[in-house]
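To start, the structure under review is shown below, and the notes come after it.
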Amino acid sequence: MAVPKKKLLDTVWNTTTFLLTKQPEDFVESHRVKIVIVGSGYTGVAVGIAILFKRLASEVVFIDADEELAKAEAEDISHAAAFLGDPKILGTKDYSMAREATVCVITVGDKATSEDDGFLLDNNLTIFKDVIPKVCKYAPNSILLIVTAPVDILSYAAMKLSGFPPHRVMGLGTFLDSCRLQYFVAQKLGISASSVQASVICENGPTSVPIWSAVTVMGIKLKDINKDIGTKTDPESWGELHAKVVESDKDLITRKGYRCWGIGICAAEVVDAIVRNTCICITLSTYLKGCRHGLEKDVYMSLPCIVGRNGVQTLLRHPYTMEEQELTENSCRAIYETQKSILHTLE
Ligand SMILES: NC(=O)c1ccc[n+]([C@@H]2O[C@H](COP(=O)([O-])OP(=O)(O)OC[C@H]3O[C@@H](n4cnc5c(N)ncnc54)[C@H](O)[C@@H]3O)[C@@H](O)[C@H]2O)c1
């Protein structure tokens, strides 16, 4: 309906009041899916982009101690928000912006580069002691997805520091390692990665365990064709592919200075499983109460998990071979050896 010219000129107005009958501040904010990403470095931004391209969130908040970085990254992406389903994208150092988040992805990390894993753990643990309580204060019902390395130890620390039930704290663990093994196996066979099922479990690190007994193509076990697959006596040296998986991060960092895309895409897949309650089965670092894997200690390590709206809903019971079971116990022990050095600081 046309507004009489006389009436408009008589009222105080600006372009917005002229164009819209209701002011933006009167709009009701209903049903938002807010995803918070703590850490706006290479990894955090890759996670954010992957989430946005999948249109999983109506709001993505980047939180970083370097507020200008977080704001600039959010703004850079926002300029093309029209092609991402018009989400709200914000950058801040203010943790109150995490309020009512569905998922909080933790990618904070110390900038210092050191070959010493103990140094990395100490520094990142100090950051976690600062960051995790703040996130949990404002997003007490969220699910925490830990990406920061060493991911198994820091997922355990995050569970302790948050006070969240273990099913709501998970680490990205060996999810990307499983994808990498799937990719390398597919390359060797000359077929597509999505036609191959492959998983790597336990530590996200050198003691990770490739489950060769369950590498399949259309249900056909490669182990039924080559009974020595992945072992030292394997004439086809499939085990080299696992070595490539373990070396992947180092290799990419040597060649391009950092790595972020694979991890970003995997993290978005987990967020997708939570937001849409898809109940997919993937290898994630999850809480294991003592005894389950031959060690009477509680640890976080990767196993095939069913993931949905409540986080890790359940675990898959897998019939591992004797050799795989033995390697699993070794890996579990290796994780606990590192974890025990920080236990007293978490009480
Ligand atoms: N599991 C994996 O496969 C995998 C893959 C990639 C990265 N990562 C891990 O993710 C982490 C981040 O890697 P990156 O390459 O993005 O590093 P990065 O240095 O680019 O980013 C880290 C960000 O954390 C921020 N930060 C540091 N301390 C903070 C604090 N107290 N509060 C808020 N923000 C803080 C920094 O300002 C920085 O922007 C590392 O621990 C890395 O090892 C793991």
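Just so you know, these numbers use all the heavy atoms, side chains as well, and skip hydrogens, waters and symmetry mates. Please read these numbers as outputs of a predicted model, since none were measured by experiment.
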CD1-CD1 distance between Ile265 and Ile51, expressed to the nearest 0.5 angstrom: 12.0 Å
Sole candidate of Ile106, Val38, Leu154 that passes side chain to side chain contact (heavy atoms under 4.5 Å, CB included) when paired with Ile132: Ile106
Heavy-atom check, side chain of Cys179 versus side chain of Phe175, under 4.5 Å: yes
Any donor-acceptor N/O pair, Thr43 side chain to Thr107 backbone, under 3.5 Å: no
Heavy-atom donor-acceptor pair, Tyr156 side chain to Leu343 backbone, under 3.5 Å: no
Asp298 side chain to Lys289 backbone, donor-acceptor under 3.5 Å: no
Side chain Asn124, main chain Ala149, donor-acceptor under 3.5 Å: yes
Backbone of Val103 reached by a side-chain donor or acceptor of Ser142 within 3.5 Å: no
Val196 side chain reached by Tyr183 side chain, heavy atoms, under 4.5 Å: no
Ser40/Asp66 under side-chain contact (heavy atoms from CB on, under 4.5 Å): CA gap, chis, key distance, verdict: CA-CA 8 Å; Ser40 314; Asp66 183 345; over 6 Å; no
Worked check of salt bridge (Lys or Arg N to Asp or Glu O under 4.0 Å) between Lys256 and Asp251: CA-CA 9 Å; Lys256 58 175 250 183; Asp251 174 50; over 6 Å; no
Flag side-chain contact, heavy atom, 4.5 Å: Trp238 against Leu222: yes
Pair Asn14-Thr17, side-chain donor/acceptor within less than 3.5 Å: yes
Salt bridge Glu100-Lys34, side-chain N to carboxylate O under 4.0 Å: no
From CA spacing to verdict: side-chain contact (heavy atoms from CB on, under 4.5 Å), Thr126, Phe128: CA-CA 5 Å; Thr126 305; Phe128 266 47; over 6 Å; no
Atom NZ of Lys134: over 12 foreign heavy atoms under 6.0 Å: yes
No-hydrogen, no-angle side-chain donor-acceptor test under 3.5 Å, Ser213 and His318: no
Within-4.5 Å side-chain heavy-atom neighbours: Val135 and Val36: no
Pairing residues for Tyr95 by the side-chain hydrogen bond (donor to acceptor under 3.5 Å, both in side chains) criterion, not counting sequence neighbours: none
Ala57 versus Ile35, closest heavy-atom pair with distance: CB-CG1, 3.6 Å
Side-chain (Asn226) to main-chain (Ile229) donor-acceptor, under 3.5 angstrom: yes
Check: Thr345/Lys129 side-chain N/O donor and acceptor closer than 3.5 Å: yes
ILVMFWY cluster membership beyond Tyr258 - transitive side-chain contacts under 4.5 angstrom: Tyr42
Heavy-atom pair of closest approach, residues Gln339 and Ile153: N-CD1, 3.7 Å
Backbone of Gln313 reached by a side-chain donor or acceptor of Asn310 within 3.5 Å: no
Distance (rounded to the nearest 0.5 Å) between Tyr138 OH and Arg99 CZ: 6.0 Å
Minimum side-chain heavy-atom gap Tyr320-Ile201 below 4.5 Å: yes
Between Thr328 and Ser331: side-chain donor-acceptor atoms closer than 3.5 Å: no
Where Asp228 and Pro235 come nearest, the two heavy atoms and their spacing: CB-CD, 4.5 Å
Between Thr283 and Ser178, a side-chain donor and acceptor under 3.5 Å: yes
From CG (Asp272) to OG1 (Thr278), nearest 0.5 Å: 5.5 Å
Lys54, NZ: over 12 other non-hydrogen atoms inside 6.0 angstrom: yes
Salt-bridge present (Glu236, Lys188; N to O < 4.0 Å): no
CD1-SG distance between Ile306 and Cys279, expressed to the nearest 0.5 angstrom: 7.5 Å
Donor-acceptor side-chain pairing of Ser285 and Asp152 below 3.5 angstrom: yes
Atom of Ala157, atom of Leu125 and distance for their closest heavy-atom approach: CB-CD1, 3.7 Å
Cys332 side chain reached by Met301 side chain, heavy atoms, under 4.5 Å: yes
Close side-chain approach of Ser162 and Leu144, heavy atoms under 4.5 Å: yes
Between Gln197 and Thr216: side-chain donor-acceptor atoms closer than 3.5 Å: yes
Where Ser155 and Gly171 come nearest, the two heavy atoms and their spacing: OG-CA, 3.3 Å
Cation-pi geometry met for Arg168 and Phe164 (6.0 Å, 45°): yes
More than 12 heavy atoms of other groups within 6.0 Å of Gln187 CD: yes
Considering all heavy atoms, the nearest Val151-Ile146 contact: CG2-O, 3.3 Å
Ser96 and Asp94: side chain donor to acceptor below 3.5 Å: yes
Straight-line distance of Leu303 CG to Arg317 CZ, nearest 0.5 Å: 12.0 Å
Distance, nearest 0.5 Å, that separates OG1 of Thr338 from CZ of Arg333: 13.5 Å
Side-chain heavy-atom pair Cys305, Leu284 within 4.5 angstrom cut-off: yes
Atom CD of Glu240: over 12 foreign heavy atoms under 6.0 Å: no
Donor-acceptor pair, side chain of Glu324 and main chain of Thr321, under 3.5 angstrom: yes
Expected output: side-chain Gln182 to main-chain Ala198 donor-acceptor under 3.5 Å: no
